[in-house]
Amino acid sequence: MNNISTVAEKPKIYWEPNEYHHVPYQIYSDGGIYEEEQKRLFRGPVWQFVGLDMEVPNPGDFKTTWIGDTPILLIRDETGALNAFVNRCAHRGTTLCFEAYGNKPVLSCVYHNWCFDLQGNLQSVAFQHGIRKQGGLPKDFCFKDHGLTRLRVAQVRNLVFATFSDETPPIEEFLGETMVSHMNRIFNRPMKILGTYSQYMHNNWKLYMENVKDSYHASLLHLFFTTFRLNRLSMEGGLLLDDSGGHHISYSKVKTDSSQDTEYETGQLRAQQDDFTLADRRLLRTFPEFEDGITHAIQGIFPTMVVQQIQNSLAVRQLVPRGPGECELFWTILGYEDDTPDQTDMRLKQSNLIGPAGLVSMEDGIIGSLVQRAIDCDSDKSTVLEMGGHSVENQKSRVSEASVRGFWKAYRTHMDL
Ligand code: FES
Ligand SMILES: [Fe+2]
């Protein structure tokens, strides 16, 4: 018999060392790179966002999700603790929970009915002792050795993260002070989920994360933003990066006023296209929310998470790769428990405007595939990321690609490329 096991070779890639302002097209389509990402990023020493604690409020409540290609089960046990497991039976590998959300007192597998408790321990095996002293498990079978594959779990406010690796530093260290304080700013009191949906994209997952970190495109690709002055690069704002470069916050300020006579209320906001007005002006109603006056803050957490404040539209987004050329983005739309019905209404209208069925994320959803379809044929060529220079550091201007370069700095570090 041939020995078919081989030592995996590192994918060959032509990339100048420490260069972050050019990215080889190969990185967006190479199957070997994708495999390596599963090992080094998604199952490596990196925290991965898996959900919000209020998605699973009670013992037995679970949510199914993914970290990279790996199916994950987030479940609350009887003690109130959150546990994360690979969503796979320890017997022959069947998916344990199929639903997006649910509640189970015990995790039983549909195939042969092995049962696991909410801490992932194997509790019982059907026909363990066989029938009439025939069959069954051997006497030395150890239940303790056949629990579910468990991940480490950490939480910042409502945000739950998991990691496969024992090497991953504590979550606060991984995120850095600036990122944690921004999470504290948004998740500053009890929140509630207003809705969820997902958006499927025909592009490599990194093209979407670049888009999130690219403040330069916002007023160019998203003409609605500029036409109605919701976000222009001339507004006060900037970019904040963590030390690794992988996390960022892009922020800006637009004046908001809840009175009936604001420019938004009257729909007078127009750019050059003077004939553009809104038929229903309620779409743009906003209310002032944060004392620091910041009205737009997009936080990108390496590798695949986004915390969104676009005026009063609050959301978290979790990106899941679906192979080298596809990905799926899961949105959770948020409000505060103490919101008035009118505030909830404004948040929902703004979220519809921002979401993929509206006028902003629809464009972010297609732009990645417009890149992907044009670059796959030329893997030896590369992108240009020189807006704002070549550095990876905080910027006072959003006319910069520093946070995109930061993503590649962290990526190269983790991937050892
Ligand atoms: S695969 Fe789950 S019990 Fe057999
Ligand atoms: Fe965008």
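Atoms within a ligand are numbered from 1 in the order they appear, just like the ligands themselves.
For ligand 1, the atoms sitting less than 4.0 Å from at least one non-hydrogen atom of Cys89 are 1 (S), 2 (Fe), 3 (S), numbered in the order shown with element in parentheses. The atoms of ligand 1 that sit less than 4.0 Å from any heavy atom of Asn113 are 3 (S). Residue Thr94 approaches ligand 1 through these ligand atoms, each under 4.0 Å from one of its heavy atoms: 1 (S). Taking a cut-off of under 4.0 Å to the non-hydrogen atoms of Tyr111, the atoms of ligand 1 that pass are 1 (S), 4 (Fe). Less than 4.0 angstrom separates some heavy atom of Cys109 from each of these atoms of ligand 1: 1 (S), 2 (Fe), 3 (S). Residue Trp114 approaches ligand 1 through these ligand atoms, each under 4.0 Å from one of its heavy atoms: 3 (S). Per-residue contacts place His91 under 4.0 angstrom from the following atoms of ligand 1 (heavy atoms of the residue considered): 1 (S), 2 (Fe), 3 (S), 4 (Fe). Within the listing of ligand 1, atoms 1 (S) sit less than 4.0 angstrom from a heavy atom of Arg92.
Ion pairing between a basic and an acidic side chain is recognised when a charged N comes within 4.0 Å of a carboxylate O; Lys253 and Asp292 show no such pairing.
Here the OG-CG distance, from Ser403 to Asp214, works out to 7.5 Å after rounding to the nearest 0.5 Å. From Leu52, atom CG reaches atom CE of Met191 across 8.5 Å, with rounding to the nearest 0.5 Å.
Residue His414 forms a ring pair (Phe, Tyr, Trp, His ring centres under 6.0 Å) with just one option from Phe42, Trp408, Trp47, Phe302, and that option is Phe302.
Side-chain contact, Glu236 with Tyr251: no donor N or O sits under 3.5 Å from an acceptor N or O.
Within the 2.8 Å limit, His112 places at least one N, O or S atom next to atom 4 (Fe) of ligand 1. Asp214 lies apart from the Fe ion (ligand 2) in this respect, since none of its N, O or S atoms is found at a distance under 2.8 Å.
Separation of the Phe174 and His247 ring centroids falls under the 6.0 Å cut-off.
Closest approach of Glu328 and Ser198 over heavy atoms only: OE2-OG, 2.7 Å. Contact record, Gly406 with Val392: CA-CG1, 3.6 Å, taken as the closest heavy-atom pair.
The Fe ion (ligand 2) lies closest to atom NE2 when only the N/O/S atoms of His222 are considered.
With the Fe ion (ligand 2) at the apex, Asp364 OD2 and His217 NE2 define an angle of roughly 150° (rounded to 10 degrees).
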